[in-house]
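Reading through the structure tokens given below for one structure.
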Amino acid sequence: MKIGLAADHGGYTLKKTLHSFLVASGYEVVDYGAYELNDQDDYPDFVIPLAKAIVKKEVDRGIAVCGSGVGASVAANKVSGVRAALINDHFSAHQGVEDDNLNMLCLGGRVTAYAAAEELVEAFLHASFTGLERHMRRLQKVQLLEK
Ligand code: RB5
């Protein structure tokens, strides 16, 4: 599975940690920046390219980190075809994929410590969309807004 990463300065350190973790776990990783720590940078400049890469299927799933994870999720969900959520608990990390076909995990680099973040990432990446009729029906109602 190919995983895209993106972070602003608020998520830069956690992104670096997750990059190493993902490579060590056998994933192919594409890094959409930031490539250096710059406390003036803006999360849309990294999150939107990652979101577009998910839609173009250049990566299978994305992980975006900003300070809180809020800005990353707000920005990513503006890109049609992206289903991003700020996740802080294990249940939502896998249930968001199983029921809602989540394709981008957003984390708060100032909120979630690396060990917890790695567990959330594992839960997100190991989960699959169930495709059950009721979930398809709900997603289709969401997708109507993307037209
Ligand atoms: C940047 O200081 C911070 O606002 C950003 O990383 C993020 O937390 C926004 O949601």
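These figures come from a predicted structure and were not determined experimentally. Order of appearance sets the numbers: ligands from 1, and atoms from 1 within every ligand.
Side-chain contact, H9 with D39: no donor N or O sits under 3.5 Å from an acceptor N or O.
Salt-bridge annotation for K15 and D31: present, with a side-chain N of the basic residue lying under 4.0 Å from a carboxylate O of the acidic one.
Using a 4.5 Å cut-off on side-chain heavy atoms (C-beta onward), L18 and L107 make contact. Contact annotation: the side chain of I3 never approaches that of V59 to less than 4.5 Å [non-hydrogen atoms, C-beta and beyond]. R110 is not listed as a side-chain neighbour of L14, based on a closest heavy-atom distance of 4.5 Å or more.
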Measure and list all N/O to N/O distances between ligand 1 and the protein that fall under 3.5 angstrom.
from, atom 1, to, atom 2, distance (Å)
ligand 1, 2 (O), H9, NE2, 3.1
ligand 1, 2 (O), R110, NH1, 3.4
ligand 1, 6 (O), D8, OD1, 3.4
ligand 1, 6 (O), D8, OD2, 2.6
ligand 1, 6 (O), G67, N, 2.7
ligand 1, 8 (O), G67, N, 3.2
ligand 1, 8 (O), S68, N, 2.9
ligand 1, 8 (O), S68, OG, 3.3
ligand 1, 10 (O), S68, OG, 3.2
ligand 1, 10 (O), G71, N, 2.8

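Only one option out of V30, V65, L22 pairs with L5 in a side-chain contact (heavy atoms from CB on, under 4.5 Å); it is L22.
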